[in-house]
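Proteins get letters first, then strands, A, B, ... in listed order; numbering begins at 1 in each.
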Protein chains: 2
Amino acid sequence: MSSDNQFLRSGCPIVNGLDIFGDRWTLVIIRDLVCGKETYSELADSPEKIPTNRLAERLKMLEAENMLVKELYQSKPKRYKYVLTKKGRDILPILQDIAKWGNNYVEGTWAPQEWFMETV
Amino acid sequence: MSSDNQFLRSGCPIVNGLDIFGDRWTLVIIRDLVCGKETYSELADSPEKIPTNRLAERLKMLEAENMLVKELYQSKPKRYKYVLTKKGRDILPILQDIAKWGNNYVEGTWAPQEWFMETV
DNA sequence: TCAGTGACTTCAATTTCGCAAGTAATTAAG
DNA sequence: CTTAATTACTTGCGAAATTGAAGTCACTGA
């Protein structure tokens with residue numbers, strides 16, 4: 001009986017969340033998808049200017065984690081849009097709380113659009 | 001007039017939150033402080049086994065960001081405990097939401113103690 | 001005097017990251 | 001028919017960050 005652990009670091013739900021989206025770019029991508037962006041180039045166009053290799057890599061990871069699905073919206077040439085699943089959309093409350101914290105404690109940060117913070 | 005930006009990446013409150021605590025270890029440290037840990041060795045003892053150089057560096061950063069203060073609790077030898085400020089304690093809702101997401105979507109994760117999830 | 005403890009620091013070996021440039025498929029323009 | 005543009009990536013490389021292990025320093029207690 002091997003003591004192989006199904007978890008990377010521990011069974012803590014916080015740690016396991018962070019091991020999926022707790023990096024420099026993943027929540028930025030999800031923010032943009034929640035806000036209506038759909039294509040690769042729309043996502044690449046954020047004010048934060050994510051490097052394209054990082055964007056491609058994170059999108060693959062999010063797809064592998066079933067946080068989003070790729071949907072063909074044009075066949076010649078093949079073009080896909082990225083659509084959040086419920087698992088991905090359920091990140092929204094986390095984004096809202098981070099945005100609230102950021103607005104409270106980091107001076108000069110933008111106020112998100114009203115609909116984004118709704119029900120918080 | 002230089003166009004020097006006060007922000008690392010953008011004025012987005014989410015991005016600016018992440019630029020403080022959106023790394024592999026910071027929220028794990030805050031989790032443990034919220035849960036009652038106070039000293040360096042208590043923090044180093046987590047199941048995730050944070051490398052000690054990382055722990056020291058993140059504690060210095062959190063102090064510089066006024067997320068916590070170092071309090072002397074013994075003078076020979078000098079020993080400090082780490083205490084969250086309001087700015088640091090206000091991370092709790094974010095931790096609660098991540099924990100909820102983790103429990104919902106990562107199979108086998110621990111259920112946090114009841115008090116931790118209170119009022120969520 | 002000497003092992004032990006708490007709180008770090010230092011260092012070498014990866015790993016990850018960001019930037020720039022390149023590629024592939026296809027459409028549009030001349 | 002040839003060339004330029006567009007979208008969506010991929011490749012390569014140096015720089016920066018992370019890890020794990022070991023070392024340091026100030027005491028304390030036996």
**Student:** Write down the atom of A:E107, the atom of B:Q6, and the distance for their closest heavy-atom approach.
**Tutor:**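 Nearest pair, atom of A:E107 first, then B:Q6: O-OE1, 3.5 Å.
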**Student:** Distances under 3.5 Å between protein N/O atoms and the N/O atoms of nucleotides 3-7 of chain C, please, pair by pair.
**Tutor:**
{"unit_1": "C:dG6", "atom_1": "O4'", "unit_2": "B:R79", "atom_2": "NH2", "d": "3.3"}
{"unit_1": "C:dA7", "atom_1": "OP1", "unit_2": "B:Y73", "atom_2": "OH", "d": "3.4"}
{"unit_1": "C:dA7", "atom_1": "OP2", "unit_2": "B:S41", "atom_2": "N", "d": "2.9"}
{"unit_1": "C:dA7", "atom_1": "OP2", "unit_2": "B:S41", "atom_2": "OG", "d": "2.7"}

**Student:** Hydrophobic cluster membership, with links at side-chain heavy-atom distances under 4.5 Å among I/L/V/M/F/W/Y: are B:L84 and A:V106 in one?
**Tutor:** yes
**Student:** Under the 3.5 angstrom rule, does the side chain of A:T109 hit a backbone N or O of B:C12 as a donor-acceptor pair?
**Tutor:** no
**Student:** Counting the atoms with a prime plus P, OP1 and OP2 as sugar-phosphate, which does A:K81 contact under 4.0 Å by heavy atoms, base, sugar-phosphate, or nothing?
**Tutor:**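 Nothing, no nucleic acid heavy atom in range.
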**Student:** Table please: side-chain donor-acceptor pairs of residues 55-66 of chain B below 3.5 Å, with sequence neighbours left out.
**Tutor:**
{"unit_1": "B:E57", "atom_1": "OE1", "unit_2": "B:R54", "atom_2": "NH1", "d": "2.4"}
{"unit_1": "B:R58", "atom_1": "NH1", "unit_2": "B:D23", "atom_2": "OD1", "d": "3.3"}
{"unit_1": "B:R58", "atom_1": "NH1", "unit_2": "B:T26", "atom_2": "OG1", "d": "3.0"}

**Student:** Over all heavy atoms of both residues, which pair between A:S46 and A:D32 is shortest? Give the atoms and the distance, please.
**Tutor:**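 Heavy atoms only, the tightest pair is CB-OD2, 3.5 Å.
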**Student:** Which ILVMFWY residues can you reach from B:L8 by hopping between side chains whose heavy atoms are under 4.5 Å apart?
**Tutor:**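 When side chains under 4.5 Å apart are linked, B:L8 ends up in no cluster with other residues.
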**Student:** Give the minimum heavy-atom separation between A:P112 and A:N103, together with the two atoms involved.
**Tutor:**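 Looking at all heavy atoms of both residues, the shortest contact is CD-OD1, 3.2 Å.
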**Student:** Measure all distances between protein nitrogen or oxygen atoms and nitrogen or oxygen atoms of nucleotides 14-20 of chain C, and list the pairs falling under 3.5 Å.
**Tutor:**
{"unit_1": "C:dC17", "atom_1": "OP2", "unit_2": "A:R54", "atom_2": "NH1", "d": "3.3"}
{"unit_1": "C:dG18", "atom_1": "OP1", "unit_2": "A:R24", "atom_2": "NE", "d": "2.9"}
{"unit_1": "C:dG18", "atom_1": "OP1", "unit_2": "A:W25", "atom_2": "NE1", "d": "3.1"}
{"unit_1": "C:dG18", "atom_1": "OP2", "unit_2": "A:W25", "atom_2": "NE1", "d": "3.0"}
{"unit_1": "C:dC19", "atom_1": "N4", "unit_2": "A:N53", "atom_2": "OD1", "d": "3.4"}
{"unit_1": "C:dC19", "atom_1": "N4", "unit_2": "A:N53", "atom_2": "ND2", "d": "2.4"}

**Student:** Does B:R24 pair with B:E48 as a salt bridge, N-O distance under 4.0 Å?
**Tutor:** no
**Student:** Atom CG of B:L55 to atom P of C:dT10: distance rounded to whole Å?
**Tutor:**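 It works out to 16 Å between those atoms.
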**Student:** In whole angstrom, what separates B:Q74's CD from C:dC8's C1'?
**Tutor:**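 Checked: the CD to C1' distance equals 15 Å.
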**Student:** Got a sec, which pairs hit ring-ring contact (aromatic ring centres under 6.0 Å, His included) with one end in residues 64-103 of chain B, sequence neighbours left out?
**Tutor:**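 Matches after skipping sequence neighbours: A:F21-B:W101, B:W101-B:Y105.
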**Student:** For the CD atom on A:E114, are there more than 12 heavy atoms of other groups (residues, nucleotides or ligands in this structure) within a distance under 6.0 Å?
**Tutor:**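 No, not enclosed.
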**Student:** Can you name the closest pair of heavy atoms from A:E118 and A:Q96 and give their distance?
**Tutor:**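 In terms of heavy atoms, the two residues are closest at O-NE2, 3.3 Å.
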**Student:** What's the NZ-C1' distance between A:K76 and D:dT7, to the nearest Å?
**Tutor:**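 Rounding to the nearest Å, NZ of A:K76 and C1' of D:dT7 are 17 Å apart.
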**Student:** Could you list the protein-to-nucleotides 1-3 of chain D atom pairs, N/O on both sides, closer than 3.5 Å?
**Tutor:**
none

**Student:** Specify the separation, in whole Å, of atom CG of A:L43 and atom P of D:dC9.
**Tutor:** 10 Å
